[in-house]
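One structure below.
Every chain is numbered from 1 and lettered A, B, ... according to where its sequence line falls, protein lines coming before strand lines.
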Number of protein chains: 2
Amino acid sequence: MRMSRYFLPVLKETPSEAQIVSHRYMLRAGMIKQSSAGIYSWLPLGYKVLKKIENIVHEEQARAGHLPMLMPTIQSADLWRESGRYDDYGEEMLRIKDRHDRDMLFTPTAEELITDIFRAHVGSYKDLPLTMYQIQWKFRDEVRPRFGVMRGREFYMKDGYNFDLTKEDAMHAYNRHLVSYLRTYERMGLQAIPMRADSGPIGGDDTHEFLVLADTGESEVFYDSAVTDLTFGDREIDYDNVEQCAGVMEEFTTKYARTDETHDEALFNAIPEARRKTARGIEVGQIFYFGTKYSEAMKATVQGPDGKPVPVHMGSHGIGVSRLLGAIIEASHDDKGIIWPEGVTPFHVGIVNLKQGDDEADAACESLYKALTALGLEPLYDDRDERAGGKFATMDLIGLPWRITVGPRGLKNGVVELTSRRTGESEELSPEEAVKKVAAIYDNH
Amino acid sequence: MRMSRYFLPVLKETPSEAQIVSHRYMLRAGMIKQSSAGIYSWLPLGYKVLKKIENIVHEEQARAGHLPMLMPTIQSADLWRESGRYDDYGEEMLRIKDRHDRDMLFTPTAEELITDIFRAHVGSYKDLPLTMYQIQWKFRDEVRPRFGVMRGREFYMKDGYNFDLTKEDAMHAYNRHLVSYLRTYERMGLQAIPMRADSGPIGGDDTHEFLVLADTGESEVFYDSAVTDLTFGDREIDYDNVEQCAGVMEEFTTKYARTDETHDEALFNAIPEARRKTARGIEVGQIFYFGTKYSEAMKATVQGPDGKPVPVHMGSHGIGVSRLLGAIIEASHDDKGIIWPEGVTPFHVGIVNLKQGDDEADAACESLYKALTALGLEPLYDDRDERAGGKFATMDLIGLPWRITVGPRGLKNGVVELTSRRTGESEELSPEEAVKKVAAIYDNH
């Protein structure tokens with residue numbers, strides 16, 4: 001993309017309403033614009049990151065064998081009355097009357113609707129196991145929406161639902177989700193620690209939240225510092241292998257890590273003092289096993305092997321897709337702006353032309369742009385007739401992890417400059433070497 | 001995908017509420033499920049086609065240089081009061097009060113919000129031209145939703161908006177959209193004819209609707225049969241080239257083609273009688289130029305070259321993404337089911353194992369499955385222990401354009417059968433040749 005053709009309304013001033021760094025940078029970098037309290041438009045740059053994150057979630061769900069589908073945002077109140085949650089949910093549910101005066105709502109989650117689909121179409125244990133998920137807009141009418149996309153009213157969420165014959169099978173689905181979530185977050189450059197949590201309005205006993213440690217987190221968390229040494233890495237996983245998934249679950253959840261809701265002072269104090277940590281965390285996902293709560297209330301049964309109807313065991317599993325942009329920025333920024341991890345960066349590399357209009361510099365930039373594009377990379381070329389300082393400030397603010405700087409002086413020596421946004425380190429390379437190096441960096445992403 | 005792991009709830013009975021063939025087949029093929037009147041869940045198979053269509057739209061918009069972004073579904077009524085449309089829109093607008101009793105609405109279209117974004121961020125003619133678009137859920141509270149996804153209440157739409165300094169520039173944007181839409185529909189295997197239409201609540205003088213001819217169409221259309229001979233084909237287009245885009249516009253809109261709203265009997269009768277055609281059409285898109293209607297009402301001005309503020313010239317452009325599934329099926333089916341065009345088929349090829357459990361047949365299917373997958377194709381392998389007749393009926397119903405049938409008898413002679421869903425013709429080939437042939441077919445899609 002050429003900057004001259006892009007819509008990147010960078011703000012010089014820090015908007016006064018933004019209290020946390022991710023909100024400030026997302027507004028300043030022209031990624032989002034508030035349209036009403038807690039409701040945002042995603043401008044081209046923000047949309048691009050949102051899609052990158054969405055794609056990673058889709059890819060990892062596909063790997064785990066989960067089926068994508070989509071449920072509507074506007075649902076009838078009837079199903080929610082069946083489960084009993086229509087009254088339970090309180091004022092956070094956006095309630096709507098349609099033109100025929102029927103009670104509708106903007107879905108905050110979809111246990112009821114997916115259970116309705118399941119009971120209409122699945123009759124036999126032979127059709128299990130089944131896990132379906134969607135990435136769809138949700139609405140929660142927060143009293144005080146704040147922190148930008150971190151606690152908005154309209155938000156983009158992945159919500160998945162598993163249906164299994166037994167608790168044992170459902171716990172495998174639970175473990176499978178934990179594994180796929182660990183992979184998902186790591187691909188985004190995040191360490192998200194699974195912590196024992198409270199199930200809230202979803203219900204059920206078994207639940208883990210995934211938390212990213214950050215000073216601006218809303219939750220207080222308590223953990224054994226040994227959990228931060230765990231990484232999932234490149235390991236091969238067979239998602240059908242019950243023992244393998246259970247092994248990962250054990251590895252990542254045995255050490256103490258809890259939110260304040262489930263914190264146990266006695267257990268915590270049993271950890272060696274040097275490893276006892278208290279911090280703040282941003283919740284970026286949660287997995288639940290809630291057994292037959294919805295299947296019993298809504299009569300979602302299958303015929304078991306003995307011919308008798310049994311209510312299915314269920315769980316649900318969420319990733320806060322739009323919230324993740326905020327979480328990633330909270331975890332990865334400096335005082336000049338965002339520092340995107342390679343896995344989610346909106347453009348792979350920025351090209352800064354120090355002397356727009358200079359024939360040689362223009363030609364070198366064009367040729368870099370074409371070479372990078374030909375390799376399947378997306379460069380953002382700042383081709384505007386602006387001062388170098390302004391171009392650098394914009395690139396730093398929007399946070400592309402790599403920048404190639406092209407100027408007449410370097411070109412005289414046959415070199416351009418490749419700079420890492422994270423370390424600030426630069427090296428001089430021939431244009432060909434710079435392209436090769438950037439391509440090699442992204443081969444792993 | 002293996003059928004045994006897929007969620008494909010095929011119905012034997014034709015649901016009584018479905019009046020048209022696309023609605024019937026989408027329900028029977030397990031693509032959608034109604035959740036309330038005019039509101040549907042997209043089950044895995046339907047979701048897959050929806051995404052294919054969405055991707056084609058994105059690719060063609062990118063080619064035309066239009067920038068993707070996303071606006072929220074829930075918007076404040078304030079902006080709609082500014083343009084005057086809050087009162088104009090009538091009961092089709094889903095009006096909502098949030099917990100603080102503020103007037104909100106579920107967006108049926110987004111001229112107001114995009115204009116608000118524009119006026120907040122763009123100040124100079126130097127930032128023009130600009131075209132941004134989104135593919136987002138919309139809601140129109142139809143009195144009598146019907147025909148499945150063809151006239152639902154919650155629907156998925158591409159809506160794009162251009163901002164230009166002059167009417168001339170805006171007409172180039174109009175032409176550019178026409179060209180990109182022609183390409184878009186052709187890639188989906190559709191002939192969508194641009195017809196002069198009425199602008200309705202969007203406003204403006206210049207507007208063309210794109211119509212697919214089908215008996216079940218809601219609009220009566222009148223056209224010169226010569227328009228059905230026009231195809232866009234493979235031609236190269238430079239979207240920046242004003243003359244080239246204008247040439248395509250002229251080629252595709254000079255011959256008579258109008259909906260009943262703008263039909264002119266005298267002009268129609270001037271066509272040679274043999275070429276005068278009346279038919280029904282399904283609207284799958286519309287482009288508008290409405291000048292300064294919104295920019296004046298909402299004060300969206302830029303500083304012109306002479307330093308004076310001028311209201312921008314705008315247009316908006318829509319493609320009914322979810323509706324397209326219905327339109328494609330209406331245009332492409334037989335009495336056994338859907339016939340997907342190669343460009344949008346949910347799976348590239350079906351594999352039917354005539355004798356599940358037979359070692360040789362199972363191994364041949366597995367090896368076909370792997371070979372196709374390795375080439376980047378997505379096969380749907382019916383690995384269930386079912387009768388061949390049932391497997392064929394399911395494949396015919398869900399409409400994959402190609403099927404490979406594998407049975408012990410053929411394997412003895414070293415062959416499998418490759419069948420075209422459209423023609424019903426089969427040929428016997430070695431498994432390797434069958435894979436090669438399927439790959440060659442999709443090389444062009």
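- Contacts of Leu79(A) with chain B are absent, with no heavy-atom separation under 4.5 Å from either backbone or side chain.
- To the nearest 0.5 angstrom, Glu142(B) atom CD is 8.0 Å from Arg99(A) atom CZ.
- Side-chain atoms of Gln75(A) and Ser36(B) form no donor-acceptor pair, as typed in the model, at a separation below 3.5 Å.
- Looking at Ser41(A) and Pro72(B), their side chains come closer than 4.5 Å, going by heavy atoms from C-beta outward.
- Heavy atoms closer than 4.5 Å to chain B are found nowhere in Asp127(A), neither backbone nor side chain.
- Interface summary for chain A: among Gln136(B), Lys51(B), Lys48(B), the most heavy-atom pairs under 4.5 angstrom belong to Gln136(B).
- Only the side chain of Met132(A) has a heavy atom closer than 4.5 Å to any heavy atom of chain B.
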Chi angles and distances behind the side-chain contact (heavy atoms from CB on, under 4.5 Å) call for His100(A), Val143(B):
CA-CA 8 Å; His100(A) 299 297; Val143(B) 199; 4.0 Å; yes

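- For Leu50(A), the part lying under 4.5 angstrom from a heavy atom of chain B is the side chain only.
- Residue Ile117(A) touches chain B through both its backbone and its side chain, counting heavy-atom pairs closer than 4.5 Å.
- With a 4.5 Å cut-off on non-hydrogen atoms, Met104(A) touches chain B through its side chain but not through its backbone.
- Put simply, CZ on Phe118(B) and CZ on Phe7(A) are 8.0 Å apart, with the number rounded to the nearest 0.5 Å.
- A salt bridge is absent between Lys97(A) and Asp141(B); no separation between the charged side-chain nitrogens and carboxylate oxygens falls under 4.0 Å.
- Contact annotation for Leu94(B): only side-chain heavy atoms (C-beta onward) come within less than 4.5 Å of a heavy atom of chain A.
- Within the 4.5 Å cutoff, side-chain heavy atoms of Asp98(A) are placed close to those of Arg153(B).
- Contacts between Leu130(A) and chain B at a heavy-atom distance below 4.5 Å involve the side chain alone, from C-beta outward.
- Residue Arg5(A) qualifies as open at atom CZ: its count of foreign heavy atoms under 6.0 Å is 12 or below.
- Contact annotation for Glu91(A): both backbone and side-chain heavy atoms come within less than 4.5 Å of a heavy atom of chain B.
- Using a 4.5 Å cut-off between heavy atoms, Leu45(B) does not touch chain A at all.
- Only the side chain of Met1(B) comes within less than 4.5 Å of a heavy atom in chain A; its backbone stays farther off.
- Relative orientation of the Tyr47(B) and His58(A) rings is tilted, given thresholds of 30° and 60° on the angle between their planes.
- Contact count versus chain A (heavy atoms, under 4.5 Å) is highest, among Leu113(B), Ile114(B), Leu67(B), for Leu67(B).
- Between atom OG of residue Ser4(B) and atom NZ of residue Lys126(A) there is a gap of 13.5 Å, rounded to the nearest 0.5 Å.
- For Val122(A), the part sitting under 4.5 Å from any heavy atom of chain B is the side chain, from C-beta outward, and nothing else.
- In this structure, the side chains of Phe106(B) and Thr73(A) come closer than 4.5 Å at one or more pairs of heavy atoms.
- In terms of modelled atom types and a separation under 3.5 Å, the side chain of His121(B) and the main chain of Leu8(A) share no donor-acceptor contact.
- For Gln134(A), no part sits under 4.5 Å from any heavy atom of chain B, backbone or side chain.
- Interatomic distance, CD1 of Ile74(B) versus CH2 of Trp137(A), reported as 12.0 Å (0.5 Å rounding).
- Here the CG-CG distance, from Leu70(A) to Leu43(B), works out to 10.5 Å after rounding to the nearest 0.5 Å.
- Taking the side chain as every heavy atom from C-beta outward, Tyr40(B) and Met71(A) never approach each other to under 4.5 Å.
- In plain terms, the two heavy atoms of Ala120(B) and Lys33(A) that are nearest each other are CB-CE, 3.4 Å.
- In this structure, no portion of Tyr156(B) lies under 4.5 Å from any heavy atom of chain A.
- With a threshold of 4.5 angstrom between heavy atoms, Asp116(B) approaches chain A through its backbone and through its side chain.
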